There are 2 protein chains.
Amino acid sequence: MTDHYSISDLAKEFDVTTRTIRYYEDEGLLSPLRRGQTRIYSNRDRTRLKLILRGRRLGLSLEEAGQIVNMYTPGSDNVEQLQALIDKIEQHRHQLYRQRKDIEVMLKDLSEVEKICRQAMVEKHKENQ
Amino acid sequence: MTDHYSISDLAKEFDVTTRTIRYYEDEGLLSPLRRGQTRIYSNRDRTRLKLILRGRRLGLSLEEAGQIVNMYTPGSDNVEQLQALIDKIEQHRHQLYRQRKDIEVMLKDLSEVEKICRQAMVEKHKENQ
DNA sequence: ATCAAAGCTTACGTTAACGTAAAGGTAAAT
DNA sequence: ATTTACCTTTACGTTAACGTAAGCTTTGAT
């Protein structure tokens with residue numbers, strides 16, 4: 001709510017190191033203001049970091065995550081760029097669909113394995129009686 | 001259906017290099033039979049590879065992917081191990097839940113951005129008339 | 001018989017995403 | 001005043017997950 005954060009504020013909130021946040025800046029993903037040398041992060045910066053980390057949790061590279069984050073602030077005004085952006089969105093959407101499918105299958109598989117485990121445990125208990 | 005595959009068979013089917021498959025063997029994730037020096041992959045090997053690659057698409061490390069794959073063939077018979085396995089399953093399940101949530105949010109965001117894009121394009125077309 | 005395709009091992013190279021250490025500046029608390 | 005707790009930059013180190021190249025063997029096809 002305060003609209004400005006220190007680097008360690010964000011580091012604590014999102015459970016990353018300050019090194020990581022500075023690295024993201026080196027890679028052009030963040031560009032906080034400065035008071036003297038010290039970095040000052042706005043709510044916009046904080047949101048960008050949040051989006052980057054969300055991408056990372058899905059296994060995206062920093063470059064891919066950056067692409068997605070940059071979609072939120074187009075900046076490009078001509079029709080071709082807009083169309084290119086829409087195409088990128090479509091690509092990412094399909095990747096997400098695939099991941100979602102993978103997750104569903106994996107969840108189902110895990111349930112199956114758990115079931116077998118529990119049955120095996122029941123057998124073991126019978127043995128010990 | 002043939003129950004045995006060459007390394008390049010699998011490489012083509014799953015769109016990876018043979019180097020990748022051999023690397024997974026080095027890391028103990030696969031252990032194909034041999035005819036002389038040549039590797040021969042069974043359906044079981046093929047399934048393991050498929051599972052590993054599914055894990056990779058979700059951003060898991062090879063080690064994590066390996067853990068999951070090994071759940072499918074418990075091998076351990078004592079109760080403690082079974083309980084440990086069930087705990088691991090629960091952990092992975094929660095990670096998958098989180099990823100699924102991330103995906104839903106991201107899909108929603110992408111739709112939002114696309115909407116804005118399309119509106120901007122409509123404006124541009126009006127200008128050009 | 002030889003030639004191309006595919007297989008093998010060994011080993012060094014590469015890249016992303018940080019970790020870690022050194023050396024220093026600033027500001028508040030004791 | 002000096003300790004504590006931040007902040008900074010620079011720079012070298014590390015690890016996972018392969019890529020790539022060299023050199024050799026095996027095998028099916030012509």
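Every value quoted in this text rests on a predicted model; they were computed, and no experiment measured them. By convention in this document, chain letters (A, B, ...) are assigned in the order of the sequence lines, proteins followed by strands, and residues within each chain are numbered from 1.
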| note | For A/D87, the side chain to side chain donor-acceptor pair (under 3.5 Å) test, sequence neighbours excluded, returns A/Q83

| d(CD1, A/I7; P, C/dT26) in whole Å |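 Result: 18 Å.
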
| request: Using only heavy-atom distances, determine whether the side chains of B/Y5 and B/D45 contain a donor-acceptor pair under 3.5 Å. | output: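 Short answer, no.
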
| Does a side chain donor of either A/N70 or A/R48 reach within less than 3.5 Å of an acceptor in the other side chain? |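 On atom types as modelled, these side chains qualify, holding a pair under 3.5 Å.
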
Does a side-chain heavy-atom distance below 4.5 Å link [X] with [Y]?
X: B/L107; Y: B/I103; value: yes
X: B/Q95; Y: B/E64; value: yes
X: A/I52; Y: A/R56; value: no
X: B/K101; Y: B/Y97; value: no

| said: Heavy atoms within less than 4.0 Å of DNA chain C: which residues of residues 16-28 of chain A have one? Give them sorted by number. | reply: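 Contacting residues: A/T17, A/R19, A/T20, A/Y23, A/Y24.
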
| query | Taking 5' to 3' order, which nucleotide of DNA chain D is first and which is last to have an atom within less than 4.0 Å of a heavy atom in chain B? | reply |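 Nucleotide range with atoms under 4.0 Å of chain B: D/dA17 to D/dT20.
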
| Close approaches to DNA chain D from residues 54-70 of chain B, in residue order (heavy atom, under 4.0 Å) | B/R56, B/S61, B/L62

| said: If you take any heavy atom closer than 4.0 Å to DNA chain D, which residues from residues 29-40 of chain A end up in contact? | reply: A/R34, A/Q37, A/T38, A/R39

Give a yes or no on whether a salt bridge exists between [X] and [Y], defined as a side-chain N under 4.0 angstrom from a carboxylate O.
X: B/D109; Y: A/R54; result: yes
X: B/R118; Y: B/E114; result: yes
X: A/E13; Y: A/K50; result: no

Taking only distance into account, with no hydrogens and no angle test, what donor-acceptor pairs under 3.5 Å do side-chain atoms of residues 31-41 of chain A form with protein atoms, sequence neighbours excluded?
residue, atom, partner, partner atom, Å
A/R34, NH1, A/Q37, O, 2.8
A/R34, NH2, A/E25, OE2, 3.2
A/R39, NE, A/E25, OE1, 2.6

| Minimum-distance pair of heavy atoms, taken over all atoms of B/V79 and A/M121 | CG1-CE, 3.7 Å

